[in-house]
Amino acid sequence: MAYSSKVIDHYTNPRNVGSFPKNEANVGTGVVGAPECGDVMKLQLKINPENGIIEDARFKTFGCGSAIASSSYVTELVKGKRIEEAIAIKNTSIVKELNLPPVKIHCSVLAEDAIKAAIADWRKRREQASAVVEKKAEEA
Amino acid sequence: MVKLPIYMDNHATTPVDPRVVVAMLPYFTEKFGNAASRNHSFGWEAEEAVDKARNQIATLINAKPKEIIFTSGATESDNLAIKGVLEFYKDKGNHIVTCVTEHKAVLDSCRALERAGRATVTYLPVDRYGMVNPDDVRRAITDKTVLITIMYANNEIGTIHPIAEIGRIAKEKGVIFHCDAVQAVGKIPVDVERDGIDLLSLSAHKIYGPKGVGALYVRSKGPRVRITAQMDGGGHERGMRSGTLNVAGIVGLGKACEIARAEMRDEAVRLTQLRNKLQAGIFERLDDVFLNGHPTERLPGNLNLSFAYVEGESLLMGISDVAVSSGSACTSATLEPSYVIRALGTDDELAHSSIRFGLGRFNSEEEVDYVTDRVCSEVKRLRDMSPLYEMAKEGIDLKSVNWKTD
C-alpha cells in the first residue's frame, strides 16, 4: 500500500511533536488508544481560559505512519480555533486532508477522540481549580 | 556506497539466481515441448528436463526422484498433502495434529476440513521460543490420528522445530508425518530419511528459483503414503496432480536445488555471521529490544526483533529504502498483529513492534551496516515521538494504565 504524499510529509516532518511541562496551567491532555491495539495518541492543548481559544498544541503518538500523520495534522488544525470549533472537528476532514485509505480510518477517529479527550481534561482541570479557589475563599 | 533500496525480506521471496535464469531460458523458446507428449522429440526433451529436475530436488532432501510431485507452489503442496491424506485415509481416522504457528496454507487447510466435518484438529501450543514440544505431539495422538503436520522452520521467527524427534514419534505411532519445509529446504540440511518425513512441501521462490512452482515429496516406501488428488484432469504426476507441467519453472526449481546443495554449507555460515552482526549492532545501540524466536535453533538468515514503544509499520515507513516486514496489525489485512508472535506469549504491544529481517544470498556486509544505522536512528526518532517511551522513562508501568479503547 502506498502512502499519500501528505501522510509521508507529516510522518517525515511531524508538526508540534513533544509535551508541555507536566501540570502546566491551561493545558488539557488527552490520551487515547491502547498499546495492545497498536495505537496510542497523546494530544495536549494549551487553551486560553479568557477566550477559550487553543493557543498551542503538542502530540506524541505510538502508531503507524497514518496515526502519526493524523495527530500531527490535528495539532495544526486546532491551533487558533475556539473550543467549540475544535470539538466539532470530524474525523472525515482528517481522512480527506490526508487521503487515508479505508483501513486507516480508525487513525482519524482516534485523532478526533484525542481532541475531545484533551478538551474534556482541560475542562475538568478548570473545574477542579475553581473548586479549590472557592474552597479557599470559604475558608478565608 | 550501498545500492538502494536494500532487499532484506528473503523469507517472503528471493530473487531468482542468474544461474537459474540461464538454465530456464531455453525451455521458454526452443525447448517448449509438453512433457506429456510421448511421440516426438519436443516432448522427450521436456520430459528429460523434468526428470533431471526431479533428480536434483530428490538429491537435496535425500528422496527418490519418483517421490517428487510438482505443484504450483508450497500452498498447493500443503493443501494436497493435508486434504489428500485425510480423504484417502478417511476410513482409518480423521484426526490431525498440527501447531498454532504453522503457515496459513496449513492452518486454513485444516480449518477447511474441520468446517466440512471431515477432520478434527489439535492445534498444539509452542513455547516462548516458538518451538513445539515433541511430547505434546505424542500425547495428542489418538487412535483416530491420520496426520501430523508440523513445519520444519517458522517463516516469521525462524525457529527450527525438533523435526527428527517428531518423525520418530510418527513412525512409532504409525501416523503419517507431513512437514512444510519451505523455509528450511536449501537453507539447512533436510533429509527425509533421517527426519522421518513422509510428505514434504517445498517452494522454488524461497530458494532463488522462480515463483509459481513447488513440489510435494510423497514417500513411496516404509510406509508407502497415498493421497487423493485434489485436481482432476489428465492424471499427470502419477495421478496425484493433474495439469501440464511448468517445464521452465521445474527446470528452475531443479537448478536452484542443485546450487543450494553445493553452496548451502558456506552460505549458512556467511548468513549466520551477517545475522549475528546485525543483531549485535542493534542491541549495542538500542535498549528495550527483544528477540522473537529461538536464540540458537533458528534459520541462518532470520532475525525477528521487537522494538518496544515503536509501532512496526511506522518503523517500516521510516526505513523505506530497506525492505523488511513487520508483525504489526497495520501491515496485515486483518488488523490483527502476528499470530505467530502472539503464540509466544508476547504482549500484543510487542507483536505490533516486531520487525522481521530476512537475510539472503545477495545481501552484503555493507548492507547490514547500513540497515543497522537506519534502524537504530529511526527507532530513536520514533521513540522521541512515542508517548509510551515517555511514560516508561517516567517510570510508569504501562500495564497499570487504564487505556481508553472505546
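All values derive from a computational prediction rather than experimental measurement. Chain letters run A, B, ... following the sequence lines, proteins first, then strands; residues in each count from 1.
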Taking the side chain as every heavy atom from C-beta outward, state whether B/Ser386 and A/Thr61 have any atom pair closer than 4.5 Å. no
Is any side-chain heavy atom of A/Phe62 closer than 4.5 Å to one of B/Met385? no
Determine the minimum heavy-atom distance between A/Gly63 and B/Ser314, stating which atoms define it. O-CB, 3.1 Å
As an exercise, state the distance from CD of B/Glu390 to NZ of A/Lys42, rounded to the nearest 0.5 Å. 3.5 Å
Whether over 12 other heavy atoms sit under 6.0 Å from B/Arg128 CZ: no
Between A/Lys104 and B/Glu313, does any NZ, NE, NH1 or NH2 come within less than 4.0 Å of an OD or OE carboxylate oxygen? yes
Which distance, rounded to the nearest 0.5 Å, do you find between the OG of A/Ser19 and the CD of B/Glu394? 7.5 Å
Are A/Val32 and B/Trp403 packed together at the side-chain level, in the sense that at least one heavy-atom pair is separated by less than 4.5 angstrom? no
Other residues, nucleotides and ligands only: do more than 12 of their heavy atoms fall within 6.0 Å of NZ on A/Lys124? no
Go through B/Leu382, B/Leu398, B/Val401 and name the one with the most non-hydrogen pairs under 4.5 angstrom from chain A. B/Leu382
Counting heavy-atom pairs under 4.5 Å to chain A, which of B/Leu315, B/Leu350, B/Asp347, B/Val310 comes out on top? B/Val310
Against chain B, label A/Val40 side chain, backbone, both or neither, depending on which of its atoms sit under 4.5 Å from a heavy atom there. both
Turns out that what part of B/Ser353 lies under 4.5 Å from chain A's heavy atoms comes down to side chain
Return yes when atom NZ of B/Lys380 has more than 12 non-hydrogen atoms of other residues, nucleotides or ligands closer than 6.0 Å, and no otherwise. yes
How about residues 6-16 of chain A versus chain B: which residues have heavy atoms under 4.5 Å apart? A/Val7, A/Ile8, A/Tyr11, A/Thr12, A/Pro14
Could you tell me which residues satisfy side-chain hydrogen bond (donor to acceptor under 3.5 Å, both in side chains) with B/Tyr123, sequence neighbours excluded, listed by chain and number? B/Glu114
Quick one: does any side-chain atom of A/Lys60 pair with a main-chain N or O of B/Asp384 as donor and acceptor, under 3.5 Å? yes
